[in-house]
Amino acid sequence: MDFNYDKSIDDKWRKLWEEKKTYKFDKNSDKPKYYLLEMFSYPSGSKLHMGHWWNYSLPDSFGRMKRMQGYNVFQPVGFDAFGLPAENYAIKTGIHPKDSTQKNIETMEEQLKQLGATYDWDYEIKTNEEEYYKWTQWVFLKLYEKGLAYRKDAPVNYCPHCQTVLANEQASGGECERCHTKVEHKHLTQWFFKITDYAERLLDGLKDIDWPEKTKRIQTNWIGKNTGAKVVFDIEGHDEKIEVFTTRVDTLMGVTYVVLAPENKLVDIITTPQQKEVVEKYRQDVLHLSEIDRTSTVREKTGAFTGAYAIHPLTKTHVPVYISDYVLESYGTGAVMAVPAHDERDYAFANKFGLEIKRVIKNPNGDETLPFTDAGVLVNSGEFDGLSSQDAKEKIVKKLESKGAGEKTTTYRLRDWLVSRQRYWGAPIPVVYCEHCGIVPVPESELPVRLPYNVDFKPTGKSPLYYCDEFVNTTCPKCHGKAKRETDTLDTFVCSSWYYLRYLDPHNSKMPFDKKVTDKFMPVDKYVGGVEHAAMHLLYSRFVYKALSDMGYVSGQEPFKSLIHQGTILGADGQKMSKSLGNTVSADEYVAKFGSDVFRTYLGFGFSYTEGGPWSDDGILAINKFFQKIAKVFENFYNLKENDNKNIDEELEVWLNKTIKSVTADMENFQFNTSIARLMELTSAIAKYQQNNQINYSQEKYTVEAYAKLLAPLMPHYMEDVWQKLGHSASIFDESWPTYDEAKTLTKNVEIAIQVNGQIRARINIPADSGEDDMKKFALETETVQKYIDGKTIRKIICIKNRLVNIVI
RNA sequence: GCUGGUGUGGCGAAAUGGCAGACGCACGGGACUCAAAAUCCCGCGAGGGCAACUUCAUGUGGGUUCGACUCCCACCACCAGCACCA
């Protein structure tokens, strides 16, 4: 294969675009705005990989179409530059994170330019720069002022390998998201964001946004709203009370014991002297369990008796109080009422500890097996006998309310967002600890709290900043006495939770962003990124946006109006591409061989954008060939002399109109593969027409120009060049997107199918848009149809315009 | 376990409930050529038939409908998210 696409065209146009500032973003334009955003990247050391190309090139094509459709498209680029890899690299090599990050960014910038995207580099942001993280700290301070950032001693997920605390979201499954080391439990004093305050609104807002259902479901599950009841148990011999949360208050009369989480504060108070030793031993055992072991569903139930008894709020029966690690301190109230007859966990526990099992719900089908966890009819429940589970829930809650012993309530699985990291390469938390004043936020005027350059990166479990005296020792902004700085840094997800705002006003030194600008351009109209961020970045950003909105800094409730997840391009073996599997494929190689336009078009053609798939370059030669055919079409036109032939070729006209229609619709939906298929058809149609001698010059000119515009988003360098050769001096991307005439999307005659009882029996050509009567007539006249209907009674004839006729006999 | 998603030729894949397999790859045949490459044309789900044609086909089994890849129910397989969440 020796095409021939001249790659110097790419270089030529990249240079010209830069010189002419073709992609200069004008925030004052009065065209309608379109904010197109791809999730920014972490600046890793290697060159742009397939995933980057996939994530950035095709959305750029989409953006180019939008631009041609008359929108003022804002499509920025930048780097999520803080984070662990750079620091781990520093520990290994001694190269400072700032230096390695800077170098990596430079490499990636060069590479991104190769892509030929419409970025305006004046709007680039790098989250590790003071100019940016100063305002990340500002976001922290605002949340703090609003009571949404707080410090507490908490059991945290700790990764012994990365030597840092992890957010709940980064430790799911009991493993460190990054290195898959088993996460340990530690008690540390940490900063949290109160995302739980927004649980309901985060759930509610999902209704109004155009996001994939899958993603909404992940967030919904993660927030985990659950409605039920709070029930209060008195404790024998104590003033304290035990509050439990249950979704099955209908089973209240079946409670035979109560279980507290081992960490529950009541445990110390209520444990009897005789049981102290057992209880303490159990608590120690639990503490040493890894997250994985503790949450394993197959592990046998364990626990200890506290010696205390709780008093049932309705029956006044005294039931024993246990502790067990199957009750989680962080969910609900950290205590449950145990109904072994109707809950599998309680059942297993009761069996192990020889506790009473009392059936209070009858299985409607008469089955006596326990545990029975579905709804049914109440028995052994005194005044509630005979009620359905549903009715009983209402009645029992009412009864509890009247006694002040319970109420309807809602809980969420969502936990507060842990933002402290015992790491160097992040934005310092802008707080000092003063001997007199306690926790003092650094005033806005003193931001940024600068990250010092000279630190020792040895991993100790504490932030390297902890050992940096010049950083730690400071004076209190309030009383000017001696104070120490917080040495933890912010989770990088804090940086990325508001970057879409800074993009719009990246060099503002007075404020994080100008509301006049963000009001004009927010929300993001189309956000493109991986689904792996569904329960993290995408949730955090929504939270931060809502909080900023509540404080009046931004308008609206949701930052990302419409979201698309790009699929993943896997290695040829169907596994995720990774260096260790040796299945990575370099984009560079292909770009060097075929040029970036061919490569981009191939990516668009070979895979579904939202699904991705295993890498294969089987079709790339076909795209190369496609470019060749395109070249020929334009060559033919350049050689065509103006003529006075007046014959309009209607077939070509139809081809063009229907291609414009479907390409526009498919590109809009990120269906690049079908757009390209339609463009291939149009290419063949034009080529065929050009072989014909009856050529009308102005029709062909019109056709090839529209054709160039349709191709332009996918092969920007090439079509820009063609456009110039066609005699235009302006950029093709300043031209308007072709429009079509619906009436011209159909040929004069269409082929329709004729079915008899749903089976296709014939195909006939009839005039387009024939009415039902004509369709019936044509169908019944058809010879091959006759033999199927001969002598039969026709019960019904169904006609679908331009498609088919179905005769039911 | 729970909740989703996916399942279509040899392969990548298309199909507002309306002609399944668009567009490509691979393959086969032909034209051009001394020959090859490139290019162009034709064929290409499976079975049966010289043929016109015909039967069967969208994971499996049912259902709704004049008509189902598409909607409903059950099942199987794979993938993903969550998982002792009371």
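We name chains A, B, ... by the order of the sequence lines, and we start the count at 1 in each one. In what follows, every heavy atom counts, from backbone to side chain, and hydrogens, waters and symmetry copies are set aside.
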For A:W222, is the NZ or CZ atom of A:R542 found under 6.0 angstrom from the centre of its six-membered ring and inside 45 degrees of the ring axis?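 Negative - A:R542 is either too far from the ring of A:W222 or too far off its axis.
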With sugar-phosphate meaning primed atoms plus P, OP1 and OP2, does A:T411 contact a base, only sugar-phosphate, or nothing at under 4.0 Å between heavy atoms? nothing
Touch check for A:I798, heavy atoms < 4.0 angstrom, all strands: base, sugar-phosphate only, or nothing? base
Set of ring-ring contact (aromatic ring centres under 6.0 Å, His included) partners for A:Y198, sequence neighbours left out: A:F543
ring-ring contact (aromatic ring centres under 6.0 Å, His included) partners for A:Y412, two or more places apart: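 A:Y412: no ring-ring contact (aromatic ring centres under 6.0 Å, His included) contacts found.
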Taking pairing as Watson-Crick or G-U wobble with both contacts under 3.5 Å, can you name the mate of [N], or confirm there isn't one?
| N | answer |
| --- | --- |
| B:A68 | none |
| B:U39 | B:A31 |
| B:C25 | B:G10 |
| B:G1 | B:C82 |
| B:C75 | B:G59 |

Using heavy-atom distances to pick each residue's nearest nucleotide on RNA chain B, tell me which of A:I800 and A:N806 is more 5'. A:I800
Atom CD1 in A:I223, atom CZ in A:R415: separation rounded to 0.5 Å?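 One finds 13.5 Å between CD1 of A:I223 and CZ of A:R415.
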Find the distance between NZ (A:K796) and CD1 (A:I809) and round it off to the nearest 0.5 Å.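 Answer for the NZ-CD1 pair, A:K796 versus A:I809, is 14.5 Å.
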Considering only heavy atoms and no angle criterion, is a donor-acceptor pair shorter than 3.5 Å present between the side chain of [X] and the base of [N]?
| X | N | value |
| --- | --- | --- |
| A:D618 | B:C25 | no |
| A:R803 | B:C19 | no |
| A:R678 | B:A22 | yes |

Please write out the pairs of protein N or O atoms and N or O atoms of nucleotides 4-9 of chain B separated by less than 3.5 Å, giving the distance to one decimal.
{"from": "B:G4", "atom 1": "O2'", "to": "A:R217", "atom 2": "NH1", "distance (Å)": "2.6"}

